[in-house]
Amino acid sequence: MKKLINAPEDVVDEALAGMAAAHADLIRVEAPNIVVRRNAPRPGKVGIISGGGSGHEPMHGGFVGMGMLDAACPGAVFTSPVPDQMLAATKAVDGGAGVLHIVKNYTGDIMNFEMAAEMARAEGIDVSAIVIADDVAVKDSLWTAGRRGVGGTVLAEKIVGAAAEAGADLATVTALCQKVQDNVRSMGMALTSCTVPQAGKPTFEIGDDEMEIGVGIHGEPGRTRMKLASADEITDMLATPILDDLPFERGDKVLAFVNGMGGTPLIELYIVYNALKKILDGRGVVIARNLVGDYITSLDMAGFSITLLRLDDEFTRLWDAPVHTPGLRWGV
Amino acid sequence: MKKLINAPEDVVDEALAGMAAAHADLIRVEAPNIVVRRNAPRPGKVGIISGGGSGHEPMHGGFVGMGMLDAACPGAVFTSPVPDQMLAATKAVDGGAGVLHIVKNYTGDIMNFEMAAEMARAEGIDVSAIVIADDVAVKDSLWTAGRRGVGGTVLAEKIVGAAAEAGADLATVTALCQKVQDNVRSMGMALTSCTVPQAGKPTFEIGDDEMEIGVGIHGEPGRTRMKLASADEITDMLATPILDDLPFERGDKVLAFVNGMGGTPLIELYIVYNALKKILDGRGVVIARNLVGDYITSLDMAGFSITLLRLDDEFTRLWDAPVHTPGLRWGV
Amino acid sequence: MIAYEDILTWIRTFAETVAAERTYLTELDSAIGDADHGINMDRGMHAVVGKLDGIATPDIGSCLKTAGSTLVSTVGGASGPLYGMFFMGMGGTAVGKETLTLQEFATAFAAGIGGVERIGKAQPGDKTMLEALLPARDALQAAAEQAVAVGPALQLAATAAEAGMLETVPLVARKGRASYLGERSAGHQDPGATSSFYLVRSAATAWSGL
Amino acid sequence: MIAYEDILTWIRTFAETVAAERTYLTELDSAIGDADHGINMDRGMHAVVGKLDGIATPDIGSCLKTAGSTLVSTVGGASGPLYGMFFMGMGGTAVGKETLTLQEFATAFAAGIGGVERIGKAQPGDKTMLEALLPARDALQAAAEQAVAVGPALQLAATAAEAGMLETVPLVARKGRASYLGERSAGHQDPGATSSFYLVRSAATAWSGL
Ligand SMILES: Nc1ncnc2c1ncn2[C@@H]1O[C@H](COP(=O)(O)OP(=O)(O)O)[C@@H](O)[C@H]1O
Ligand SMILES: Nc1ncnc2c1ncn2[C@@H]1O[C@H](COP(=O)(O)OP(=O)(O)O)[C@@H](O)[C@H]1O
Ligand SMILES: [Mg+2]
Ligand SMILES: [Mg+2]
Ligand SMILES: [Mg+2]
Ligand SMILES: [Mg+2]
């Protein structure tokens, strides 16, 4: 395992310490490992929190700040955080207007967030929760855990964060977050496996000429293992199921998000964006906004994901609203 | 070779097309492969251009925009651009106040930029050039090609770009760029090799338990090959030669820049930043500004570099000035 | 009779087993999950063992509840709440008790499973830890009704749990991270069912003399 | 006598050699550079060959200058300006000529090297393409003075270039990207000296009948 780390068990704590030191103007890191917006709580503002296993940086800690999250709860690498964190974060950001939990759809995340929400409610805080489940690589079904929450989460956090910043109440931001979930779809692929520091070896074996289509952000196996193909072909393999799922239709305006998994250089992401644009142009789907870069990663995995969000005026306005976090910044 | 590409020979063109499509509000891409600020030339403003081989994204094309570069000249992967590009870029951004070429110290870059500068001067454009040579891994000497230009280039482009945006004349921005060079030092390391798409295989072989200290941004071998060490130890191996070289002294204020090489996840860069902060604290060197992320990369190489710039009030003010490019943005 | 000390021995044995099988559990989770089950359980059980010495009164119920809440607070993931609720559910039936009969233990064990079912909402056949826990529960209850001694009863329960664990191999997961794999989850043993088998076997090992 | 057509054959032979040795040249550049020398030269010579057919008049000077400026415009890196200046320097001495004597060719070759030296500012012993070019220049000049035939003269020059190329192995680079390696650059053959040897050998091959 080749990593820039000290002891595997110190990875999360040291990375958080580094983040806190680098972005002291925006965030503070508090026990029990929560990343809190520096000026939280803000009276009357709905608190927005999210969280999940570490290893997806900048998500979620890198999205704490003005116009996005009020707090993030980073668990151990690829492991949902514990309820104590979400409870502490909820209390730290509650300004009396309630707190929204944005939860990615993983069994562990759901259960830990639910426990925390119950505890927080028991302490008199108004808590709502929305589950993001946007990964079309996974078949949706009432009988299973449903789809994974992936790239759509980043967009939800930005849009909902902007609404909360502008003063929207808990019911409004909750409904808005659900509306993002209803209009966003994603899919990812991997060229290489990630390596969990404490596991010490790659999560999956993959041949030098193979790729995994539909991979999860924890290196969970995807839809299919196949021979490496060209960027154009791969982009099509991800874009088509996404487009067909919602479905996105001719004339739809979208936010196109090409996300690197951590080990993929930017030059390749732009090649993918170029391929994606051609596909969307061909379908008459209009890219009105875009985001290209590493925002929801899987440690050192090489690969990428595509997320498409169908935009309306409300989404577009909230996307464009100022944001100032370690990982996303504009308008300030 | 595992890459998200179509044909190796199309990598640069397609990535530029993707970039142009994603950032049409900021840049345009023109023949012969130059990235030009959308509203260039601007009458009376000194033009700032840079360039070099591709494969270091977001540098340089990602730094074209308000408050930074007016144009960038991307060569083939890891290959200096040709004079035609610098000549075209110089003409495209000349607003009558002259053009500064920011050149990284590589034989090829120097020669190609020099040829272009002579051609531009022959066409009546005032051109000056500053060479960035900040890599302390290379022994400096009058008899050799001198030090490589690496991370300091990013900082020079930002600071000089801010001055030009504010209306400084050619002599002033040229002197300012030299001042950055005089106060900046860098060093890098690699855990893995990069792979040039057209070469098709790793530039260097490296054992599973080895690292290369002092590596160049083209995968050029560094100072020494050694057994993998901890993040704290590695950070010290880079920081100490940097600190001792200028030298940076107790009480100095610095901009600390921890840069990912392309294949390194952000979580590891924050661990390195945490280690670097401890080292600088121990030496009484004050981190007044910082930058953590992938800004000058080496394709898919895993590794990082550290750059320290000694700050004075002028540098700090220019660093803080608004910038709006695909790769760096604040204040707008 | 199961004494307070026996409960401690059980928990310690389970913690040791998890530590020893940490890599194996993580490997199982690599195949159909995210390669952390052994790491998660080891982190949690390490924390639980650290708490045991601090407990002043020999109250089995509060000891098990402490174990459960410690797991909730330190494990995260799916297994944190699941094992947490298991121990808290068990503990809830044994508050104030210094010893347990086999029937009381069987009842507590079943209550623990109730906690797992409530929070996890899994059904038998979903390829989860329930596949190992449910047969163990039934074996324990049967043994208690037939007045089998504690040691042999736990041996029976461990055998049942092991069989249930092995039966997870062909199953297609419908809950937890493995469910994302759909049909591709078949052919792999469930990591949580494996740790649950260790939980029962640890009691059998710890209480072989009872 | 070297005719215009012979110059074309030389250039085409060099382009073919570079294409064939593209991987080898790139591998040499991996060791002490940035793994692109073969790619660079192949891109450039491919472009040069594409230009040859478009030349209307059989003017050796303008043909060589076109080759040079095409290299400058398509190669980049260090080798673009260096080889570009080499061909432009050669071409400058042969403007308006349809044939060259061996002495004229030797003079043109030396002028090409002058272009390389002016732009590259390297000294003999710096471990650059000059290590192959300079001995070839001297061998050509000596052969011209001794009225050796063109074919054998180029053979002598190629042998001298090859020896110079091999002598780069122990050298410590003081110019170009390899110089960043300091002492570690010793023990590797210089890629530019290798392509320069191919340049001379291509003439020997193309002109073996002259
Ligand atoms: N809904 C559920 N009910 C019961 N057990 C479950 C459920 N979901 C997952 N599990 C169990 O949890 C195990 C995975 O635990 P772990 O790897 O620690 O958590 P995570 O999946 O969050 O990484 C699975 O092997 C399975 O036995
Ligand atoms: N200053 C110089 N003078 C002469 N030849 C040089 C000089 N610098 C580099 N070279 C030659 O250029 C070769 C490298 O060319 P190439 O790999 O194409 O360019 P780059 O180093 O820019 O990647 C070296 O092997 C060396 O022979
Ligand atoms: Mg997990
Ligand atoms: Mg090069
Ligand atoms: Mg797991
Ligand atoms: Mg080279």
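Computed from a prediction, not measured in an experiment: that's the story for all the values here. Just so we're on the same page: letters track the sequence lines, and every chain starts at 1.
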S.K.: Spell out the residues in residues 205-215 of chain A that have some non-hydrogen atom less than 4.5 Å away from a non-hydrogen atom of chain B, in order of number; otherwise answer 'none'.
M.R.: A:Ile206, A:Gly207, A:Asp208, A:Asp209, A:Glu210
S.K.: Inspect the surroundings of NZ in A:Lys278 and state if more than 12 heavy atoms from other residues, nucleotides or ligands are less than 6.0 Å away.
M.R.: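 Yes, because the 6.0 Å sphere around NZ of A:Lys278 holds more than 12 heavy atoms from other groups.
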S.K.: So which residue, A:Leu269, A:Val292, A:Val11, A:Leu291, ends up with the most heavy-atom pairs under 4.5 Å with chain B?
M.R.: A:Val11
S.K.: Contact part of A:Val272 toward chain B, heavy-atom cut-off under 4.5 Å: side chain, backbone, both or neither?
M.R.: side chain
S.K.: Check each atom of A:Ile234 against the heavy atoms of chain B and say whether the ones under 4.5 Å are side chain, backbone, both or neither.
M.R.: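 Contact with chain B involves the side chain of A:Ile234 alone.
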S.K.: Heavy-atom pairs under 4.5 Å with chain B - which of A:Gly263, A:Pro322, A:Ser298, A:Ala20 has more of them than the others?
M.R.: A:Gly263
S.K.: Measure distances from A:Val258 to the heavy atoms of chain B and classify the residue's part below 4.5 Å as side chain, backbone, both or neither.
M.R.: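 Neither the backbone nor the side chain of A:Val258 comes within 4.5 Å of chain B.
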S.K.: Does the side chain of B:Leu266 reach to within under 4.5 Å of the side chain of A:Asp294, using non-hydrogen atoms?
M.R.: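 B:Leu266 does not reach A:Asp294 side chain to side chain.
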S.K.: Side chain from CB out, backbone as N, CA, C, O: work out which of these in A:Thr297 comes under 4.5 Å of a heavy atom of chain B, or both, or neither.
M.R.: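 It is neither, since no heavy atom gets under 4.5 Å.
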S.K.: Taking all atoms of both residues into account, what is the closest heavy-atom pair of B:Lys2 and A:Leu228, and its distance?
M.R.: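 So the minimum-distance heavy-atom pair works out to CA-CD2, 4.2 Å.
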S.K.: For B:Ile267 versus A:Gly55, what's the shortest heavy-atom pair and its separation?
M.R.: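 Taking B:Ile267 first and A:Gly55 second, the nearest heavy atoms are CD1-N, 4.1 Å.
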S.K.: Give, as side chain, backbone, both or neither, the part of A:Ala17 having an atom under 4.5 angstrom from any heavy atom of chain B.
M.R.: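 For A:Ala17, backbone and side chain are both near chain B.
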S.K.: Can you tell if the side chain of B:Arg329 reaches within under 4.5 Å of the side chain of A:Arg329, non-hydrogen atoms only?
M.R.: no
S.K.: Find the distance between CD (B:Glu268) and CG (A:Leu299) and round it off to the nearest 0.5 Å.
M.R.: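 Interatomic distance, B:Glu268 CD to A:Leu299 CG, rounded to 0.5 Å: 8.0 Å.
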S.K.: On a heavy-atom basis, which atom in A:Tyr270 and which in B:Ala22 lie closest, and how many Å separate them?
M.R.: CE2-CB, 4.1 Å
S.K.: Side chain, backbone, both or neither: which part of A:Pro326 has a non-hydrogen atom closer than 4.5 Å to chain B?
M.R.: side chain
S.K.: Are any non-hydrogen side-chain atoms of A:Asp300 and B:Thr264 less than 4.5 angstrom apart?
M.R.: no
S.K.: Tell me which of these, A:Gly62, A:Ala256, A:Gly262, has more heavy-atom pairs under 4.5 Å with chain B than the rest.
M.R.: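 Most heavy-atom pairs under 4.5 Å with chain B: A:Gly262.
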S.K.: Looking at B:Glu14, B:Met1, B:Met301, which one has more heavy-atom pairs under 4.5 Å with chain A than the rest?
M.R.: B:Glu14
S.K.: Give me the one residue out of A:Leu4, A:Ile5, A:Asn6 that meets side-chain contact (heavy atoms from CB on, under 4.5 Å) with B:Ser230.
M.R.: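 Single pass found, and it is A:Asn6.
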S.K.: State yes or no: are the ring centers of A:His23 and B:Tyr273 separated by less than 6.0 Å?
M.R.: no
S.K.: Might you point out which heavy atoms bring A:Lys277 and B:Ala21 nearest each other, and give the distance in Å?
M.R.: CD-CB, 3.6 Å
S.K.: Does any backbone or side-chain atom of A:Met189 lie under 4.5 Å from a heavy atom of chain B? Answer side chain, backbone, both or neither.
M.R.: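 For A:Met189, the contact with chain B is made by the side chain alone.
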